[in-house]
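The structure appears below as structure tokens.
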Amino acid sequence: MATALDAQKIEDALRQRLDARMDSVRALVRSRQELDDAKAMLRAAEDEDVRKWNAALTAGWTPDELRTAGLAEPEKKSRVRRRAARRQAPEQGPSVEASLPAQQG
């Protein structure tokens with residue numbers, strides 16, 4: 001005797017699995033957004049630190065005096081350099097001798 005398939009029961013079971021998978025992706029998306037927000041906050045804090053360091057220098061403090069007091073110079077951000085486009089030498093066509101038929105003498 002063949003068993004009857006309950007389409008609704010199968011669909012519900014598959015939906016539960018799909019919901020669990022979607023919940024994991026939603027959690028990942030939230031986590032990535034929190035990470036991006038934290039990175040943005042760190043960049044803003046680093047920029048503010050550089051401004052305060054420069055303000056201290058403008059006020060007359062020297063970098064050595066600030067270091068002696070325990071205040072390290074802010075880390076310098078590495079700048080991304082644009083690469084200059086390479087100039088390619090014009091392609092040389094075949095030489096004139098190569099294009100002449102071989103002469104038999």
Side-chain angles (χ1 to χ4, degrees):
M1 177 174 170
T3 58
L5 294 177
D6 184 354
Q8 187 61 45
K9 190 175 184 179
I10 293 171
E11 185 178 322
D12 290 342
L14 292 175
R15 186 168 310 282
Q16 285 177 344
R17 288 185 194 172
L18 182 59
D19 288 344
R21 291 175 69 190
M22 289 302 298
D23 287 344
S24 69
V25 170
R26 287 182 189 105
L28 177 59
V29 169
R30 280 192 302 273
S31 174
R32 293 287 169 92
Q33 186 59 55
E34 290 171 2
L35 181 60
D36 287 346
D37 293 345
K39 286 179 180 179
M41 288 175 58
L42 176 61
R43 282 190 300 273
E46 288 173 336
D47 290 345
E48 184 63 20
D49 183 56
V50 169
R51 282 191 285 280
K52 299 294 183 180
W53 174 268
N54 289 333
L57 296 178
T58 301
W61 293 98
T62 67
D64 286 337
E65 291 171 323
L66 295 173
R67 277 192 290 271
T68 302
L71 298 168
E73 187 171 350
E75 291 183 25
K76 295 197 180 356
K77 295 181 181 178
S78 59
R79 294 182 184 219
V80 178
R81 278 178 101 174
R82 291 180 116 183
R83 288 187 175 185
R86 279 191 184 178
R87 292 186 182 204
Q88 295 181 348
E91 289 188 25
Q92 299 285 334
S95 65
V96 175
E97 293 86 18
S99 62
L100 295 176
Q103 293 182 352
Q104 303 221 350

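Each salt bridge (Lys or Arg N to Asp or Glu O under 4.0 Å) pair with one or both residues in residues 55-71, not counting sequence neighbours, appears once here: Asp64-Arg67, Arg67-Glu73. Residue pairs meeting the salt bridge (Lys or Arg N to Asp or Glu O under 4.0 Å) criterion with at least one member in residues 24-40, sequence neighbours excluded, are Asp23-Arg26.
Put simply, CD on Glu11 and CG on Leu18 are 11.0 Å apart, with the number rounded to the nearest 0.5 Å. For the atom pair CZ (Arg21) and CG (Asp19), the distance works out to 11.5 Å, reported to the nearest 0.5 Å.
Under a 3.5 Å cut-off, the side chain of Thr58 and the backbone N or O of Asn54 do form a donor-acceptor pair.
Salt bridge annotation for Arg43-Glu46: absent, with no cationic side-chain nitrogen under 4.0 angstrom from a carboxylate oxygen.
The shortest non-hydrogen separation linking Leu57 to Leu66 is CD2-CD1, 4.0 Å. Counting all heavy atoms, side chain and backbone alike, Trp53 lies closest to Ala72 at CZ3-O, 3.6 Å.
In this model, a donor atom of one side chain and an acceptor atom of the other lie less than 3.5 Å apart for Asp12 and Gln8.
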